[in-house]
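I have placed the structure first, in the form of structure tokens, so that the comments after it can refer back to it.
Computation of the quantities below employed the complete heavy-atom set of this structure, encompassing side-chain atoms and omitting hydrogens, waters and symmetry-equivalent molecules. In listed order, ligands and their atoms are each counted from 1.
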Amino acid sequence: MLINPGRTKKTDDRPGRHLDLHALLVRPSMQPGESNRGYRLRLAHANGLASPSWLLRVTGLGNPSAHGGHVRWCPLCLEQEHCVWFRAWSTGTPICLQHQCWLADTCGRCNRSLTWRSARYLSCYCGTPLAEVIAPVLSAELVMLGISTNTCQSSAWWAVLPIERRWKLAHFLGALHTYGLHGKPLKKASVASVDHARGMINSGAEIVLGEESAFHALLRRIRMDPAAGISVQLLKEAFPTLLERMRRQLSALENDVLLTWVRSFLLKNAGRDVTISWKRSGATVSAAECARHLNVRVERLPAILSLHGFVPKTRRTTTGRMMLTVAPQTVMEIQDCISKTLSRRYVSTMYGLSPSRLALLVEAGLIRGIDQKVDTSSVADLLGRMSFASVTETSTDLLDLIPLDQLLRTLVPLPLTVTFFRAILAGEIRCQRLAPQGNHLRDLLASRFNTQALLGVAQKVTGEYISLPDAAGRLKLKQEVIYHLVKRGVIQAVQKRVGRRFARFIQMRELSRFCEEVEPLVYAASRHGVSRQAALNWAKATGQKIVSGPSIDGGRQYFILKSNQSHTADILTNAPH
Ligand SMILES: [Zn+2]
Ligand SMILES: [Zn+2]
């Protein structure tokens, strides 16, 4: 088929511009994607010219092969009938996608790297057919990386990149892998060779497929050693020119992905001996920022950090200023500590632990504190570490378990505070929790007997008096029930002067006696599987001794003598008012 000269003159790409095709006998048409110079090779071949340079003599026009320049070809493509030299062979990555192989650039026999001057349409100028040169097949990684977007099932981020971009990215990473950040490839012809590109792209493809962890491994390999004695390395010192190279050579998407991985690398390494500082990373904050977050002056920062047990990474800048880097996580932790560190007095009202006891606990390391302040979370931790028994309803418990604040006040001398809390943590003192969420000491009950036994404190129970409302709380009875029992003499109370007024009190010994001898009818009934409604009939039927109740003395609740206490019934019922 003849070329239409009018059409072919439209673009510089077209051979017609340089060639007077009418001087040639055979004038094949140019194929889509065919290289300009490759077309000249084909034209010369079709017209029986031994060298394409003879086109000059035949057509009287410019020498088509005057320019040197290396050629690349796919031996498998050139094996086919009516084959052409594709433009993509010399412009893109030296890979033939159709045959999944690398392009060739060297004659297999004379071992020359072929140029447009030495190449012929189908052979080297030494006569060796170009189709006979061995083309290495693509590695498994590259085949995977080169799967076209349409058929690519991969959810990998690079799947959206055009195939040529994926190879360029692999080449970029492979070059970093091979040369690092300081070394630059020498400007030798070998650098342009297919073999060289193959090495780069193969090692880079593994990194692309290995994603973040492979890129992190690459960063570890190419990182510059920090100068001696510093604990903060700037990003541009650790990875000189890396960001510029990424910006220049990669697309926006590729650049973004790699920057994210640089950031995660810095975050991962933030705890190491030497931190890499990069403002944009978010992995560290500067001293000024840190001070602002914590609301302290920059000069005080090192002291504050060390108070909370953080060793900041510091470094002198060239101007002699102190540079300090802290991970954002650390800033938040310190912020948290500061917000929870309150004065002993405040913590004392919060938990019911006196300031002097708090001081002793800080000293013993059971809670954390600085100066006159206490870290409230450490107090909560301490109370949280106590082991609590399940709640029982035995009458001895009612007397034995008393609120922790009261126990401390009455039974634990200040110097024994630490011993007492160690015993509690060791589970040597029985404890119960009144409210599930309560953390004030009055919400926690601890065993009086255990405490006395442990601390060797003298028995004080007998001498103690409690108010009637306190006794009601202790026995879990309504106050009016206690008042009624006192009125009826079932429990004895005494008049005592407190401050300017008289009030009735019950001695602990009396309360203890009452608990040992008497119990609410419903307790006994429920022990025998009898319902609250049937309790009274059950008591009468089984001959229980009822000491108080609506039908006995007009009380609101029935009480009976415990069965082993029947012989004391007379004493109780005849008790004086
Ligand atoms: Zn091919
Ligand atoms: Zn050759």
Side-chain angles (χ1 to χ4, degrees), residues 28-46 48-55 64-152 162-168 170-171 188-190 192-202 205:
S29 66
M30 204 170 172
Q31 297 299 311
E34 183 171 14
S35 130
N36 216 341
R37 288 168 169 186
Y39 175 70
R40 282 168 179 157
L41 295 183
R42 189 154 67 94
L43 202 57
H45 178 83
L49 303 173
S51 162
S53 61
W54 290 3
L55 283 174
S65 54
H67 311 292
H70 292 273
V71 296
R72 293 153 166 186
W73 69 94
C74 170
L76 299 170
C77 284
L78 287 188
E79 218 172 27
Q80 289 168 346
E81 233 181 313
H82 309 301
C83 56
V84 299
W85 286 64
F86 290 104
R87 207 179 303 128
W89 288 352
S90 20
T91 54
T93 306
I95 287 176
C96 173
L97 255 185
Q98 191 198 335
H99 295 110
Q100 301 274 297
C101 67
W102 291 90
L103 301 185
D105 62 353
T106 307
C107 167
R109 192 194 294 165
C110 69
N111 217 16
R112 266 173 225 265
S113 147
L114 259 64
T115 62
W116 286 113
R117 205 191 291 269
S118 52
R120 303 291 176 264
Y121 173 50
L122 292 173
S123 63
C124 170
Y125 79 122
C126 79
T128 309
L130 295 179
E132 281 179 13
V133 178
I134 308 279
V137 293
L138 296 185
S139 68
E141 283 87 3
L142 274 184
V143 171
M144 190 180 290
L145 204 60
I147 292 172
S148 79
T149 321
N150 298 337
T151 56
C152 188
I163 289 168
E164 184 66 26
R165 277 300 334 152
R166 299 181 205 170
W167 285 328
K168 286 266 172 8
H171 191 278
K188 280 187 194 163
S190 65
S193 78
V194 172
D195 266 358
H196 183 266
R198 198 171 75 206
M200 298 290 112
I201 294 174
N202 273 338

| note | Between Cys77 atom SG and Cys96 atom SG, the angle centred on the Zn ion (ligand 1) rounds (to 10°) to 110°
| message | Would you say that Cys74 contacts Trp85 through its side chain, given a criterion of any heavy-atom pair below 4.5 Å between the two side chains? | response | no
| task | Kindly report the SG-the Zn ion (ligand 2)-SG angle for Cys107 and Cys110 respectively, rounded to 10°. | result | 100°
| Pairwise side-chain contact, Cys96 with Leu103, heavy-atom cut-off 4.5 Å (strictly under) | yes
| query | If you stand at the Zn ion (ligand 2) and look out to SG of Cys124 and SG of Cys126, what angle do those two lines make, to 10°? | reply | 100°
| message | Could you check whether any side-chain heavy atom of His70 comes within less than 4.5 Å of a side-chain heavy atom of Asp105, counting everything from C-beta outward? | response | no
| query | Taking the N/O/S atoms of His99 one by one, which is nearest to the Zn ion (ligand 1)? | reply | ND1
| Salt bridge between Glu34 and Arg42, side-chain N to carboxylate O under 4.0 Å? | yes
| Does Cys101 bring an N, O or S atom to under 2.8 Å of the Zn ion (ligand 1)? | no
| query | Under a 4.5 Å cut-off applied to non-hydrogen side-chain atoms, are Ile201 and Trp102 in contact? | reply | yes
